Amino acid sequence: MAKRSGLRFTESRNGLAGVTWKHRESLIRGESGEALQSARQIEAPASWSDQAVNIVARQYLRSRLPGDVAETSIRAMIARVVNEVREFGESHIAVFDGAESAARFQQVLEEILVSQKASFNSPVWFNCGIWKTYGVVGNEGNWAIELSSLTASTGGRKEFRRLDNSYERPQVSACFIQSIEDDLNSIFDLVKSEARLFKFGSGSGTNFSNLRSRYELLSGGGTSSGLMSFLEVFDRAAGATKSGGTTRRAAKMVCLDLDHPEIFEFVRWKAKEEAKAQTLIKAGFSGGMDGEAYRTVSGQNSNNSVRIPDAFMQAVESDGDWSTVERTTGKTVRTFKARELMRAICESAWICADPGVQFEASIQRWHTCKVTGPIRASNPCSEFMFLDDTACNLASLNLLKFLDESGRFDIADFQSAVRTLIVAQETFVDLASYPTKEIAERSHRFRPLGLGYANLGATLMALGLPYDSDEARSFAAALTSLMTATAYTASSELAACLGTFEGFAENREAMLGVIALHRQADQDRAKKAQFKTLDEAAALAWARAEELGGKQGFRNAQVTVLAPTGTIAFMMDCDTTGIEPDFALVKRKALSGGGSLLIVNRTVGRALRGLKYDEATIRRIESGLENGTEAGSASGLAKLGVRPEHLSVFHCASEIRPEAHLKMMAVVQPFLSGAISKTVNLPARASVEDVEAAYRLAWKLGLKAVAIYRDGSKGAQPLVTLGVGGNAASSMSFQAQSERCPVCRHPSVLSGTCWVCPNCGHSISCS
């Protein structure tokens with residue numbers, strides 16, 4: 001099929017010129033009021049909150065590298081990234097049909113970013129355009145595609161080269177999946193490539209099942225030191241590498257198949273280390289993830305997950321047997337009851353939230369590139385699931401920005417943003433550098449992308465929909481379906497211009513089969529859907545995606561995931577992160593003169609207006625929450641004037657039934673290329689049996705991955721009461737359990753499977 005000219009952009013937007021800019025003082029203070037950095041005058045949009053400006057100033061305005069001239073403007077930061085995308089797309093890959101389309105694309109993308117309708121993942125803000133702007137050298141040793149080979153036919157051989165001081169390209173992907181072989185060189189090569197990823201703010205996941213166990217012999221004689229001994233090496237290396245310089249901790253995922261001989265040791269690893277840490281804390285050693293107690297024990301620098309096949313879950317239900325096998329010979333090492341292993345998994349998750357679970361059958365069923373090989377692992381937060389040695393750059397839409405005050409969702413603007421972001425993310429694939437040649441080659445061969453959204457919880461609240469309701473689930477499913485169908489349509493349009501991804505031909509039948517699964521799921525959903533305009537738009541988008549994909553294929557093997565969003569959610573002034581409900585209606589906010597103030601979720605008033613409360617009542621409710629008139633619980637809101645039938649609209653994570661968290665995941669999962677980073681919250685009183693019930697329900701609902709967190713279970717995440725006035729409250733309602741931020745000591749928010757500080761933006765185990 002002959003390729004046509006590039007994409008046409010016809011929308012006219014004002015971009016950065018349509019914004020009122022003001023110089024704002026940025027100053028982040030610790031919990032006791034001390035300044036964590038000197039006050040800075042930052043050029044910022046007048047509409048952005050102080051919180052968003054402070055977080056961007058600390059995290060993304062580049063001033064940490066030797067010789068840098070510090071950025072002092074959010075306008076300059078956005079221009080740095082957008083100019084790089086536009087120029088690279090125009091000059092090197094001919095993604096636009098001319099200079100006018102390129103200019104209009106730039107204006108649209110600028111408007112999306114500056115109006116907080118969306119954001120790219122952190123590594124884009126960390127690294128994109130830095131080398132060009134400042135002449136910074138730091139990615140030498142990474143691999144990137146030769147620019148000259150981009151002009152060749154897509155069927156031709158792509159050339160890659162290792163970067164040196166004269167040839168600099170940014171690392172802009174947040175999510176990496178890397179392979180490992182049962183070989184000492186491979187093991188320590190992975191240690192090195194993980195360190196490179198962490199350095200530039202990205203996360204890495206690996207399935208370690210290839211490594212032989214301590215029950216097996218070495219080829220040269222003697223017994224292997226085993227899987228766990230090497231996992232401790234990786235853990236220490238990750239702990240020593242600050243991700244993105246000084247702003248983030250390393251983000252790392254360790255996956256293991258259930259038939260590995262050391263599965264019990266792996267499952268119990270972090271639970272045993274948690275017991276040690278809590279003993280040390282009781283003895284007087286400092287707690288917290290950066291405290292002495294947790295630095296002393298192992299296993300604290302990764303999220304751990306077990307890969308669960310249907311055969312195991314069926315054995316659990318029938319009280320059947322399960323066997324582990326040698327990696328080198330395939331011989332059975334041990335046979336035991338499947339329920340024994342399931343109990344160990346759930347006991348450990350009850351104690352310390354690890355391991356999470358990944359369900360093999362669901363993952364492979366929705367895999368677009370089955371012919372090439374199976375999916376064996378995920379990124380640290382479990383949303384990116386694809387082939388080994390691939391990378392994915394993320395972007396997230398702020399859903400509330402597309403909802404007007406009357407409750408109308410702007411479908412046209414939403415689809416325009418999806419198309420624009422997919423084009424930008426596609427450009428990043430060629431613009432980026434990668435830590436190994438294998439990842440560079442495979443990422444170009446399959447070109448997976450990860451578009452998602454944030455602020456779903458606040459959007460549902462603004463619509464007056466309880467998170468735990470059929471209406472909320474219907475809205476979320478329709479919206480997610482529309483997003484992914486639009487993204488695949490854009491990917492097919494790109495394929496017509498630039499060619500399909502190189503692995504499409506061999507996986508054509510598999511990928512078109514997955515697109516058909518998505519469309520069938522949308523048709524099944526629409527039979528009982530409740531949002532006619534959204535439903536019709538999603539149906540049309542899937543019909544278009546399937547038609548175009550059948551004719552001209554796709555440019556990208558994957559297009560959507562639901563990431564935790566972490567720091568970028570606060571950059572976009574979101575009240576809720578990712579797919580999560582709010583963690584607390586009342587949040588602690590640092591004051592410029594020291595001390596702190598409790599601030600009510602910004603969507604509360606909007607929701608009350610939509611529910612037809614008068615302004616006097618709204619002001620009384622907001623004032624009561626802020627000033628401590630009543631605790632931020634359902635009973636407190638009732639005393640302030642919220643009617644009983646509306647209390648569930650304001651329920652937060654710990655008030656929502658665990659099964660409701662899972663049901664929300666289940667309705668959107670069929671409309672995602674990847675998976676969902678989400679925490680299923682369990683109350684402190686939950687039992688091990690409750691954990692097992694959650695995992696079993698997740699399997700039956702067809703989820704790909706699940707993580708649970710039982711309130712107050714970890715010594716590193718003590719329950720921090722954020723009730724009104726800073727006072728403790730007896731109810732779990734409207735509170736947040738939290739890791740204290742190691743930078744500013746403010747409570748962090750549990751977002752997906754990572755912790756992020758809303759005061760300074762520091763994130764822990766988050767990509």
Side-chain angles (χ1 to χ4, degrees), residues 207-210 213 227 253-268 271 304-327 329-350 353-367 370 373-378 382 385 510 513-514 517 520-521 524 658-659 661-663 665-667 669-670 672 674-676 678 680 682 686-708:
N207 188 317
F208 284 82
S209 299
N210 287 342
S213 71
L227 166 74
M253 170 64 80
V254 176
C255 297
L256 195 69
D257 297 345
L258 284 188
D259 64 355
H260 192 281
E262 289 185 71
I263 187 65
F264 274 99
E265 292 92 329
F266 176 73
V267 164
R268 292 168 173 158
N304 293 348
S305 290
V306 290
R307 302 276 297 195
I308 298 183
D310 276 357
F312 174 78
M313 295 302 296
Q314 291 159 0
V316 170
E317 296 211 322
S318 65
D319 197 19
D321 293 334
W322 187 255
S323 297
T324 59
V325 296
E326 290 186 354
R327 304 293 98 176
T329 68
K331 294 179 181 178
T332 298
V333 175
R334 180 187 172 192
T335 299
F336 44 84
K337 290 294 183 182
R339 289 182 181 177
E340 180 185 354
L341 178 53
M342 188 65 174
R343 180 74 181 188
I345 292 169
C346 297
E347 284 178 344
S348 293
W350 183 86
D354 268 306
V357 294
Q358 298 183 358
F359 295 109
E360 191 73 25
S362 291
I363 292 169
Q364 306 305 342
R365 180 177 183 235
W366 296 89
H367 182 20
K370 299 178 180 71
I375 295 172
R376 304 189 66 242
S378 76
S382 292
M385 294 183 169
V514 170
L517 282 176
Q520 183 60 56
D524 293 342
E659 54 266 37
H661 288 277
L662 292 167
K663 286 180 179 178
M665 297 174 72
V667 297
Q669 182 60 83
L672 294 167
I676 306 163
K678 172 156 180 29
V680 176
L682 298 181
S687 66
V688 175
E689 288 74 19
D690 292 329
V691 175
E692 182 169 347
Y695 282 164
R696 287 198 189 200
L697 180 59
W699 171 60
K700 291 176 180 178
L701 289 173
L703 297 180
K704 293 181 181 180
V706 174
I708 67 100

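Here the structure is a predicted model, which is why all the values come from computation and not from measurement.
- Under the side chain to side chain contact (heavy atoms under 4.5 Å, CB included) criterion, V325 pairs with D259, R327, T332, sequence neighbours left out.
- Listed by chain and residue number, nothing satisfies the ring pair (Phe, Tyr, Trp, His ring centres under 6.0 Å) test with H260 (two or more places apart in sequence, or in another chain).
- Considering CD1 of I676 and NE2 of H661, their distance stands at 13.0 Å, rounded to 0.5 Å.
- In this view, N207 and S209, D257 satisfy the side chain to side chain donor-acceptor pair (under 3.5 Å) rule, not counting sequence neighbours.
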Could you pull out all donor-acceptor pairs under 3.5 Å where a side-chain atom in residues 358-366 meets a protein atom, sequence neighbours excluded?
| unit_1 | atom_1 | unit_2 | atom_2 | d |
| --- | --- | --- | --- | --- |
| Q358 | OE1 | R307 | NH1 | 2.9 |
| Q358 | NE2 | S378 | OG | 2.9 |
| E360 | OE1 | R307 | NE | 3.1 |
| E360 | OE1 | R307 | NH2 | 3.1 |
| E360 | OE2 | R307 | NH2 | 3.4 |
| E360 | OE2 | Q364 | NE2 | 2.8 |
| S362 | OG | G702 | O | 3.3 |
| Q364 | OE1 | I375 | N | 3.2 |
| Q364 | NE2 | I375 | O | 2.7 |

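- In this structure E689 satisfies the side chain to side chain donor-acceptor pair (under 3.5 Å) test together with R343, S687, sequence neighbours excluded.
- Residues forming a side chain to side chain donor-acceptor pair (under 3.5 Å) with K704 (at least two apart in sequence, or on another chain): none.
- Take K663 and apply the side chain to side chain contact (heavy atoms under 4.5 Å, CB included) test, not counting sequence neighbours, and it matches R473, R657.
- Remark: A686 engages L682, P683, D690, R710 in a side chain to side chain contact (heavy atoms under 4.5 Å, CB included) (not counting sequence neighbours).
- Residues passing the side chain to side chain contact (heavy atoms under 4.5 Å, CB included) test with L341 are L258, I263, F264, V267, F312, W322, F336, I345, sequence neighbours excluded.
- Judged as a salt bridge (Lys or Arg N to Asp or Glu O under 4.0 Å), and not counting sequence neighbours, the contacts of R696 are E692.
- Results of the salt bridge (charged side-chain N to carboxylate O under 4.0 Å, His left out) test with R334 over E262, E340, E265 single out E340 as the only residue that passes.
- Checked against side chain to side chain donor-acceptor pair (under 3.5 Å), W699 has the following partners two or more places apart in sequence or in another chain: D310.
- A distance-only check finds a donor-acceptor pair linking the side chain of Q669 to the backbone of G674 [under 3.5 Å].
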